[in-house]
Amino acid sequence: MRITVLAGGVGAARFLRGLKAAAPDDEITVIGNTGDDITLYGLRVCPDLDTVMYTLGGGINPDQGWGRAAETFSVREELAAYGATPDWFTLGDRDFATHILRSQLLADGQPLSAITERLCRRWRPGVRLLPMSDDPIETHVVLEDHLNERTVVHFQEWWVRHQAKTPAAQIIAVGADSASPAPGVLDAIATADVVLFPPSNPVVSIGTILSVPGIRDAVAAKTVVGVSPIIGGAPVRGMADACLTAIGVPTTAAAVAAHYGPDLLNGWLVDDQDKSSAEDLAPLGIEVRAMPLLMRDLPATGAMARAALDLAQELA
Ligand code: GDP
Ligand code: CA
């Protein structure tokens, strides 16, 4: 079977580990969000692609869910001694090597998709990892203070520096309108037996991937099953509620599914706590299944992935 997954960072990477365990013989293609990408100290950093690559390749810091295991921070300390900015983004020494090589290859004129393939030759994630686009797309956030003064910051500045505490008036995928899907992306969707949305941020991960022209229509033509990142009215980790509020979507499993809509989504896995969302979603034509959705270990995560695949098969 061919499985194509739209992926953000930590939530997606953990789910993908379970999916690989649940479907060891299937062909998995991962379309990664690049809207979180940022240039720091002259280096191109792709947090979501790297989180998936390190997690599936065994190089992740398992407690954090991002960054490399057994990191040291000498480069960061040296940069701080120069007063280099920004000082709010953490990159470890091992991680820096990835960004240095990526930036070197970008400067040589290679597309991000080819570079990602090159990096994956080392990590062997066991999936085909494609960036959503080779064109630079950056998520920016419009902040509005109490005097209605507007400032625009990179998503990372809002998320990491401000911890999403300042409400976002608007979230924009800058560059998406004129971007194209990376080579292989539309094909991986068109030839998929099932498309999965892992428990990723619906706005700045899945939403950003869907904003690349051509991707939404390609996905809409397939059997799509999603896994709710919201349990009992709250994100499991992180601040996805701040992103949902910015686009006027309540932080509930049912509202996220309704936001994707039946054109896109055929099946939706919710946590047992959110069983009742089936009543809201059945009239829309979205089929709901409830089960424990906490990715606490590999068996639990594998069971979630298995349930998503079973539901897809049922709906195909
Ligand atoms: P990011 O790019 O690192 O923020 O990662 P993603 O966009 O892939 O995933 C973030 C989302 O994963 C958040 O909205 C979390 O609520 C969700 N999430 C994290 N852990 C779990 C879990 O164990 N179960 C479920 N259902 N969702 C989770
Ligand atoms: Ca991300």
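As the structure lists them, so they are numbered: ligands from 1, and atoms in each ligand from 1. Below, all heavy atoms of this structure are taken into account, side chains as well, without hydrogens, waters or symmetry copies.
Of the protein's non-hydrogen atoms, the one nearest atom 15 (C) of ligand 1 is R237 O, 3.2 Å. Among all non-hydrogen protein atoms, the one lying nearest atom 18 (N) of ligand 1 is V236 CB, 3.9 Å. Nearest protein neighbour of atom 26 (N) of ligand 1, counting heavy atoms only, is S228 O, 2.9 Å. Atom 25 (C) of ligand 1 has its closest protein heavy atom at L293 O, 3.4 Å. If you check which protein heavy atom lies closest to atom 2 (O) of ligand 1, you get G9 N, 3.0 Å.
Within the 3.5 Å criterion, the main-chain N or O of K165 finds no donor-acceptor partner in the side chain of Q163. Proximity of a side-chain donor or acceptor of H154 to a complementary backbone N or O of D37 within less than 3.5 Å is detected.
Which parts of ligand 1 touch G11 is read off a 4.0 Å heavy-atom cut-off, strictly below it: atoms 5 (O), 6 (P), 8 (O), 9 (O), 12 (O). Annotation for ligand 1: atoms under 4.0 Å from non-hydrogen atoms of P199 are 9 (O), 11 (C), 12 (O), 17 (C), 25 (C), 26 (N), 27 (N). The atoms of ligand 1 that sit less than 4.0 Å from any heavy atom of P235 are 16 (O). Close approach of ligand 1 to N201 is summarised as follows: ligand atoms under 4.0 Å from at least one heavy atom of the residue are 6 (P), 7 (O), 9 (O), 10 (C), 11 (C).
No N or O atom of L294 sits closer than 3.5 Å to an N or O atom of ligand 1. Inclusion of S200 in the set of residues having an N or O under 3.5 Å from an N or O of ligand 1 is warranted. The distance criterion of under 3.5 Å between nitrogen or oxygen atoms is met by V10 with respect to ligand 1. On a distance-only criterion, P229 and ligand 1 share at least one N/O pair closer than 3.5 Å. Checked against a 3.5 angstrom limit, the closest N/O atoms of A12 and ligand 1 fall inside it. Considering backbone and side-chain atoms alike, M295 places an N or O below 3.5 Å from some N or O of ligand 1.
Nearest N/O/S atom of D36 relative to the Ca ion (ligand 2): this is OD2.
When the options L244, D241, D274 are evaluated for a side chain to side chain contact (heavy atoms under 4.5 Å, CB included) with I230, the one that passes is L244. The only member of L264, N33, D217 that meets side chain to side chain contact (heavy atoms under 4.5 Å, CB included) when paired with L210 is L264. If you run salt bridge (Lys or Arg N to Asp or Glu O under 4.0 Å) between D50 and each of R122, R102, R44, R68, only R102 comes through.
Ligand 1 has D48 within reach: a non-hydrogen atom of the residue lies less than 4.0 Å from it.
Two residues are said to be in side-chain contact when any heavy atoms from C-beta on lie closer than 4.5 Å; F15 and L196 meet this criterion. Inter-residue side-chain proximity for V153 and H140 is flagged as unmet; no heavy-atom pair is nearer than 4.5 Å. Between E27 and M1 the shortest side-chain heavy-atom distance does not fall below 4.5 Å. Contact of the W159 side chain with the V141 side chain is not registered, since no non-hydrogen atoms from C-beta on lie closer than 4.5 Å.
Of the N and O atoms on the side chains of Y54 and T98, at least one donor lies less than 3.5 Å from an acceptor on the other residue.
Taken from CD1 in I209 to CD1 in I215, the straight-line distance is 7.0 Å, to the nearest 0.5 Å.
Comparing S205, G8, P47 against atom 7 (O) of ligand 1, the shortest heavy-atom distance belongs to S205.
Contacts of I206 with ligand 1, taken as heavy-atom pairs under 4.0 Å, are absent altogether. Contacts with ligand 1 closer than 4.0 Å are made by side-chain heavy atoms of A240 only, the backbone lying farther away.
At most 12 non-hydrogen atoms from other residues, nucleotides or ligands lie less than 6.0 angstrom from CD of E117.
Salt bridge status for R76 with E71: absent, with no side-chain N to carboxylate O gap under 4.0 Å.
Within a 4.0 Å radius of atom 4 (O) of ligand 1, the protein has no heavy atom.
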